[in-house]
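Just so it is clear, the values below take in all heavy atoms, side chains as well, and ignore hydrogens, waters and symmetry mates. The sequence lines fix the lettering, A, B, ..., with proteins before strands; numbering per chain opens at 1. Model, not experiment: these values are computed from the prediction.
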Amino acid sequence: MFKRILIANRGEIALRVIRAAKSLGIETVCVYSTADKGGPWLEQADQAVCIGPGPSPQSYLRIERIIAAAEVSHADAIHPGYGFLSENAHFAEVCRDSGFEFIGPSPEAMALLGDKVSCKKMARKVGTPVFPGTEDAIEDIEEAVKVAAEVGYPVIVKATAGGGGRGMRVARDEAQLRAGIESARQEATAAFGNGAVYIEKFLEHARHFEVQTIGDKHGNAVHLFERDCSSQRRHQKLIEEAPSPGVDPEKRKKVCESAAALIASAKYSGAATVEFLMDGKQTFYMLEVNTRVQVEHPVTEMITGIDIVREQIMVASGKPLSVKQSDIKVNGHAIECRINAEDPDRGFMPQAGLIETFSAPGGLGVRLDSHARAGYRIPPNYDSMIGKLIVHGPTRDIAIARMKVALGEFRIGPVKTTIPLHRKLMDNPDFNNATFDIHYVERLLKAEEAAKAKG
Amino acid sequence: MFKRILIANRGEIALRVIRAAKSLGIETVCVYSTADKGGPWLEQADQAVCIGPGPSPQSYLRIERIIAAAEVSHADAIHPGYGFLSENAHFAEVCRDSGFEFIGPSPEAMALLGDKVSCKKMARKVGTPVFPGTEDAIEDIEEAVKVAAEVGYPVIVKATAGGGGRGMRVARDEAQLRAGIESARQEATAAFGNGAVYIEKFLEHARHFEVQTIGDKHGNAVHLFERDCSSQRRHQKLIEEAPSPGVDPEKRKKVCESAAALIASAKYSGAATVEFLMDGKQTFYMLEVNTRVQVEHPVTEMITGIDIVREQIMVASGKPLSVKQSDIKVNGHAIECRINAEDPDRGFMPQAGLIETFSAPGGLGVRLDSHARAGYRIPPNYDSMIGKLIVHGPTRDIAIARMKVALGEFRIGPVKTTIPLHRKLMDNPDFNNATFDIHYVERLLKAEEAAKAKG
Amino acid sequence: MIDIRKLKELVRLMVENDLTELDIRDEQETVTVKRPGLHVAPQVVAAPMMAAAPVAHAAPAAAAAPAAAPAAAKEVLPAIESPMVGTFYAAPGPDKAPFVSVGSKVGPDTTVCLIEAMKIFNEIKAETSGTVEEVLVKSGQPVEFGQPMYRIRPS
Amino acid sequence: MIDIRKLKELVRLMVENDLTELDIRDEQETVTVKRPGLHVAPQVVAAPMMAAAPVAHAAPAAAAAPAAAPAAAKEVLPAIESPMVGTFYAAPGPDKAPFVSVGSKVGPDTTVCLIEAMKIFNEIKAETSGTVEEVLVKSGQPVEFGQPMYRIRPS
């Protein structure tokens with residue numbers, strides 16, 4: 001087992017890794033930027049090393065500084081968390097070449113599943129359901145028009161290197177398709193330095209369904225069932241839950257198993273999430289694979305009892321998975337609300353600044369993963385998530401009831417947060433009855449704005 | 001179901017009841033004393049009614065004021081919590097007579113199981129294992145001497161109305177027995193107005209083993225398995241865990257079932273705990289029955305997934321138990337550390353005063369039940385417990401590891417707490433190997449003191 | 001950005017008014033200015049976002065004491081407080097005149113109201129001497145322990 | 001970024017008006033200016049998200065900057081800070097004389113040390129002119145970003 005892990009991240013995920021490492025008796029080293037000086041999670045680490053100024057390109061994204069910090073602190077492994085360098089295959093490679101175990105997949109497996117086109121090819125091979133569409137990046141626009149006609153409009157044009165909604169265009173007819181390919185290529189070239197695009201069937205109403213998987217270095221791979229993340233705003237997840245409500249057990253079993261097969265075929269070691277869209281007939285279409293631990297991993301931990309970060313560390317050290325597929329059972333229902341420091345009354349503008357009041361909820365079935373506390377000053381440099389409130393209960397209804405109680409207790413001030421929005425969503429009939437799709441939050445917010453404008 | 005519950009208690013248990021009631025959509029009314037004005041849990045209640053000054057005999061123990069508060073607030077049920085009036089059969093009766101549902105057993109069932117002698121008789125009848133000793137309160141001292149000779153010394157003389165170590169005497173021979181009966185009678189008369197005593201076998205080395213049970217008004221009664229509470233100081237529990245480590249599954253099943261049979265035979269509705277001592281051969285001897293929810297109920301909730309307070313409310317309203325015995329399974333291991341505001345360096349003197357820093361631990365498997373927060377002033381009038389830190393994990397070792405991490409994160413100041421003591425106990429080999437008995441904490445503290453005295 | 005002229009103006013304000021501390025904050029900025037101060041002098045807090053400021057935690061909701069918050073300037077008279085929880089009755093019966101009203105003179109043994117709890121009507125005495133200046137509770141309303149019922153101008 | 005003229009203006013304002021403390025912050029910057037009470041020595045801290053600033057919570061354990069906490073009375077000289085994380089070497093080789101030592105005169109282009117990171121030895125320049133007054137790090141020790149390595153008396 002490792003003696004000392006360097007954490008190349010900050011905030012709640014740094015704290016999450018510290019907790020898992022400590023419970024395994026492993027020491028931790030945190031790197032931090034000057035903007036994160038005094039960050040509460042740094043107190044929990046055995047060591048903290050300042051690697052640069054606030055802007056991430058000069059600190060959390062500077063590979064050579066992170067490696068140097070691992071060298072001077074004598075770490076033997078590096079956990080990348082999520083975001084920052086976590087899906088950077090070059091970073092994984094530099095870690096390996098510098099003699100540090102990267103807590104995640106090999107650079108080869110990461111590159112294979114991280115690229116949308118090669119991932120989709122692999123998925124087709126092992127039977128993971130994918131969108132009908134082009135096999136490869138589009139070379140020939142006429143070929144694209146032919147494929148679109150086959151799968152039927154609407155279709156979506158996507159950058160192979162894309163993410164976060166950039167380099168994407170929906171086309172409802174051939175004219176839109178021709179224009180969309182052009183503009184998506186330009187945008188993707190500008191944003192990612194890679195103009196390759198492909199086209200897929202576009203779903204008007206869909207739910208976001210993702211399967212948590214984990215593999216080891218001995219060829220084992222399991223799935224930990226799925227999460228539903230249909231509560232989104234601008235492609236950012238707000239609420240996640242597990243299991244996905246109302247899904248047919250047989251269909252669910254099949255898609256979860258196909259996700260585990262996909263990462264097994266990539267000889268993937270570590271945690272990965274295979275993301276799908278699910279249409280109204282509960283047909284699944286793979287979106288992409290995230291080759292890292294995800295923000296919403298706790299809901300899966302709550303229903304399976306498996307510590308995903310602990311498992312990541314163990315498999316990176318060479319141990320086999322601690323569980324077999326047949327051991328993994330779903331127990332109850334879990335929901336996570338992301339607590340972001342944003343002002344819902346001002347277009348969800350991020351709120352930096354001092355947290356004066358921080359009074360956390362607690363009690364049965366309530367889990368809080370947060371690096372914030374009273375006296376913590378949120379720096380303006382990073383994302384606005386200051387914590388994740390997670391509840392667990394024997395049924396979805398009880399989990400919702402507990403989430404309402406916990407949200408009612410949570411006091412953060414004077415910084416504005418998404419807590420009031422979550423309270424609203426917990427009372428929303430679409431959420432309560434799981435009759436939602438990935439656009440329902442946006443529709444709700446628009447309707448509210450319209451009502452407000454009317455007076 | 002009830003519309004509004006009055007909570008005749010304070011602090012963390014008041015908050016616990018509020019959380020359970022809210023999750024059922026029931027309103028809550030808290031009574032409070034002037035010393036608890038501004039108590040953080042009062043914010044979470046729908047109403048708060050001041051019933052008197054700080055000293056409990058003038059507020060939390062004043063039956064007529066609590067009933068009057070229930071009247072003016074139009075509550076329809078009263079939850080007594082633990083301590084205060086929770087085991088007062090007269091209070092339960094007044095509630096009933098005044099038209100309020102008492103959330104607990106009927107006064108008759110409470111009296112039957114609350115009295116040690118009648119409880120022991122009932123236990124003998126249904127096969128709950130009891131200490132050998134006198135059948136009834138001792139009338140004739142020569143009879144006592146005969147019984148003691150039969151069960152073998154050492155024996156213990158106990159007041160039937162006793163508790164908290166008062167009215168108890170250990171006798172290792174006949175002379176000590178004769179003297180012990182006299183002095184125990186005097187002490188019990190002074191303390192409880194009732195001089196009746198009885199004698200039982202005394203165990204030198206024992207573990208505290210207690211079975212959580214719950215019954216409804218339809219004659220159903222189940223057990224939720226057991227807790228081990230061997231970590232005690234001056235008869236006060238410090239750490240509780242579930243299940244009790246290393247107990248033979250067959251013996252455990254038998255004693256747990258006998259506890260459920262005992263409360264069923266008393267037509268008991270609500271939560272009750274049947275306490276036992278367990279000797280080195282895993283033989284069980286009933287100590288007494290607590291006819292209320294206990295401080296340590298959360299560890300049982302963590303391993304069974306059953307919300308005990310919710311269940312209390314439901315059965316009081318007349319609903320049948322939500323679970324059958326065959327549904328109740330043990331999942332993993334849970335540990336609770338009581339966080340008391342006490343100074344371990346000054347003989348555990350209670351610490352009233354302002355909490356300036358309160359930074360709670362969190363993460364996977366961590367639960368905190370606490371009414372305290374930064375800015376809360378602990379009044380000097382009540383007990384020193386300001387919270388309960390509970391962890392859950394798939395195994396006892398993982399639970400201990402998580403408890404260590406959580407205790408390491410927990411920051412409370414400047415008030416002194418038992419957190420440092422718990423950190424020490426989590427590293428103690430007797431605790432880690434479960435080779436403890438109910439005196440190990442006292443022995444440890446004495447040894448430390450002796451070492452300190454030596455310099 | 002902070003405007004230097006605005007700041008000058010603020011400091012002048014402080015000096016003129018002998019303030020020791022000034023704290024201004026809004027979404028974008030915070031300004032805190034402190035002066036030495038011999039004694040803690042009149043303290044004026046001025047700024048956007050300010051208002052209810054220092055309340056660390058809200059008072060308990062609900063029935064909680066309406067007693068609180070006397071207007072700073074107004075003279076606060078002593079009160080006859082409820083010694084128990086129950087329902088307040090100003091008069092001995094539905095059609096009867098109230099025991100006391102504004103202007104009534106009371107002595108220690110004057111009955112000022114009934115409080116009903118558990119079906120028992122308890123006579124409450126004034127336990128002070130003076131003149132009733134204000135009746136704070138309406139007949140039939142619940143009162144809690146320590147709740148002011150009458151304001152009395154002592155004689 | 002903070003404009004030095006603005007800062008001067010602020011300090012002048014404080015002196016004229018006998019203020020002891022001034023704290024300005026917004027999204028991008030923080031300025032804290034303190035003046036003596038009677039005994040605390042003159043201390044001016046000024047900078048974006050600065051150095052030892054008003055850290056609410058204890059500095060992270062471990063490797064954390066020994067920089068902090070200048071003794072109140074003592075004059076604090078500017079430092080040459082490490083621009084990176086790595087291992088500090090005072091001399092070009094094990095048996096070589098150090099690049100600089102106490103008393104050495106440095107100019108902007110004077111190499112003051114090597115910092116090794118990822119097997120690469122980076123030459124660090126003084127980037128200021130003056131005399132070395134103190135060497136704060138031992139050869140072979142790790143340094144983090146922003147850690148003061150030498151105190152320089154400006155010339």
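- Using a 4.5 Å heavy-atom cutoff, the side chains of Glu409(B) and Glu43(A) are not in contact.
- In this structure, the portion of Ser359(B) lying under 4.5 Å from any heavy atom of chain A is its side chain and not its backbone.
- Of all the listed residues (Arg367(A), Lys22(A), Glu301(A)), the one sharing the greatest number of non-hydrogen pairs under 4.5 Å with chain B is Arg367(A).
- Your options are Asp307(B), Val366(B), Leu24(B), Ile306(B), and the one with the most heavy-atom pairs under 4.5 Å with chain A is Asp307(B).
- With a 4.5 angstrom heavy-atom cutoff, Lys404(B) does not touch chain A via any of its atoms.
- Put simply, of Ser370(B), Gly365(B), Gly363(B), Ser23(B), the one with the most heavy-atom pairs under 4.5 Å next to chain A is Gly363(B).
- Across all their heavy atoms, Gly305(A) and Pro394(B) have their closest contact at O-CG, 4.4 Å.
- In this structure, the portions of Arg19(B) lying under 4.5 Å from any heavy atom of chain A include both its backbone and its side chain.
- For chain B, the nearby parts of Leu364(A) are the backbone and the side chain; heavy atoms of each come within less than 4.5 Å.
- For Asp397(B), no part lies under 4.5 angstrom from a heavy atom of chain A.
- Using a 4.5 Å cut-off on side-chain heavy atoms (C-beta onward), Thr357(B) and Arg373(A) make no contact.
- Heavy-atom distances place the backbone of Pro361(B), and not its side chain, under 4.5 Å from chain A.
- For chain A, the nearby part of Ile398(B) is the side chain; its heavy atoms alone come within less than 4.5 Å.
- If you tally non-hydrogen atom pairs under 4.5 Å between each of His392(B), Arg310(B), Met302(B) and chain A, the highest count goes to Arg310(B).
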